[in-house]
2 protein chains.
Amino acid sequence: MELLERMAAALKILAHPCRLKVAEVLQREGSMPVHTLMEKVPLPQATLSQYLNQMRRAGLVRAERKGKEVWYEIADSSVLTILDCIRRKTGQRAES
Amino acid sequence: MELLERMAAALKILAHPCRLKVAEVLQREGSMPVHTLMEKVPLPQATLSQYLNQMRRAGLVRAERKGKEVWYEIADSSVLTILDCIRRKTGQRAES
DNA sequence: TCGTGTTATTGCAATAAGTCAATATAAAAA
DNA sequence: TTTTTATATTGACTTATTGCAATAACACGA
């Protein structure tokens with residue numbers, strides 16, 4: 001159950017409205033420092049910082065320090081694909 | 001935040017080792033009734049039934065009653081794509 | 001309708017995740 | 001070296017999720 005747990009852990013980080021919002025902003029607008037992200041996703045600084053850290057540890061985003069700023073971006077295309085899939089899926093809606 | 005919440009809710013259901021396992025079995029082996037699934041994913045009956053119900057409500061799987069059995073299958077290709085992406089992503093591993 | 005096989009629902013203790021103010025650390029400018 | 005701007009970490013609290021036994025409901029054959 002080792003791989004499954006890592007898969008679940010990564011998905012769980014993405015599975016939160018605010019972290020999804022962060023991911024979408026980074027998907028649309030590329031990389032940016034935390035304070036810019038904070039304008040687009042209005043959250044307490046501590047909260048946003050924690051989210052970004054979780055996302056980085058899960059391999060969803062990549063971080064790079066530039067002077068006193070830290071710039072974040074989506075880590076790779078898998079993440080973009082997952083975002084597209086889940087958005088498409090949830091746009092529709094169908095039960096069974 | 002309405003769409004984001006629905007997206008997060010669906011991802012959250014998938015973000016669990018056992019539910020991922022269920023999804024993988026259905027991906028590999030197609031549709032099957034609950035008791036067959038129970039052999040492949042050994043869990044208490046109540047637990048498995050709840051997982052399947054959550055997954056159905058989230059639109060991840062589809063259910064169809066056949067006599068006294070209920071057969072489950074993956075709902076659509078988005079789910080398959082997400083499974084592939086997250087598996088690929090977690091197979092590797094890279095921090096930043 | 002009674003029994004049996006199959007699946008769903010309920011209730012709740014144990015555990016995990018979310019939230020954010022306060023505080024710490026990092027880098028550059030004054 | 002003191003300040004200032006930018007980001008990270010800690011601690012304490014609230015809320016949500018998990019896991020499962022017990023019980024209910026559903027569908028069929030005897």
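Residue numbering restarts at 1 for every chain, and letters A, B, ... go by the order of the sequence lines. Computed from heavy atoms alone, side chains included, the values below leave out hydrogens, waters and symmetry copies.
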Exam field: side chain [X] to backbone [Y], donor-acceptor pair closer than 3.5 Å:
X	Y	answer
B:R62	B:A75	yes
B:R65	B:G67	yes
B:K66	B:P33	no
B:T90	B:I86	yes
A:R28	A:G30	no
B:R19	B:Y51	no
A:K89	B:G59	yes

Would you say [N] has OP1 or OP2 under 4.0 Å from some side-chain N or O of [X]?
X	N	value
B:K12	D:dT17	yes
A:H16	C:dT19	yes
A:Y72	D:dA8	yes
B:R65	D:dA27	yes
B:Y51	D:dT18	no

What is the distance, to the nearest angstrom, from the [atom1] atom on [X] to the [atom2] atom on [N]?
X	N	atom1	atom2	value
B:Q54	C:dA8	CD	P	12 Å
A:L52	C:dC20	CG	P	15 Å
B:L11	C:dA17	CG	P	16 Å
B:K68	C:dC2	NZ	P	18 Å
B:E69	D:dG29	CD	P	12 Å
B:E39	C:dT6	CD	P	10 Å
A:L43	D:dA8	CG	C1'	16 Å
B:E5	D:dA16	CD	C1'	14 Å

Side chain of [X] - closest among [options]:
X	options	answer
A:R19	C:dG18, C:dG5, D:dA8	C:dG18
B:Q50	C:dG11, D:dT7, D:dT10	C:dG11
B:T47	C:dA8, D:dT17, D:dG19	D:dG19
B:A46	D:dT7, D:dT18, C:dT9	C:dT9
B:S49	C:dT9, C:dG5, C:dG18	C:dT9

Interface with DNA chain D, restricted to residues 28-35 of chain B and to heavy atoms under 4.0 Å: none
For B:V34 against B:Y72, the heavy-atom pair lying closest together: CG2-CE1, 3.6 Å
B:Q45 (side chain) and C:dA8 (base): donor-acceptor pair under 3.5 Å: yes
End-to-end axis angle, where each axis spans five pairs of the helix from C:dT1-D:dA30 to C:dA30-D:dT1, to 10°: 10°
Option passing side-chain contact (heavy atoms from CB on, under 4.5 Å) with B:E29 (candidates B:E24, B:K40, B:E73): B:K40
For A:T81, side-chain contact (heavy atoms from CB on, under 4.5 Å) partners two or more places apart: A:C85, B:T81, B:C85
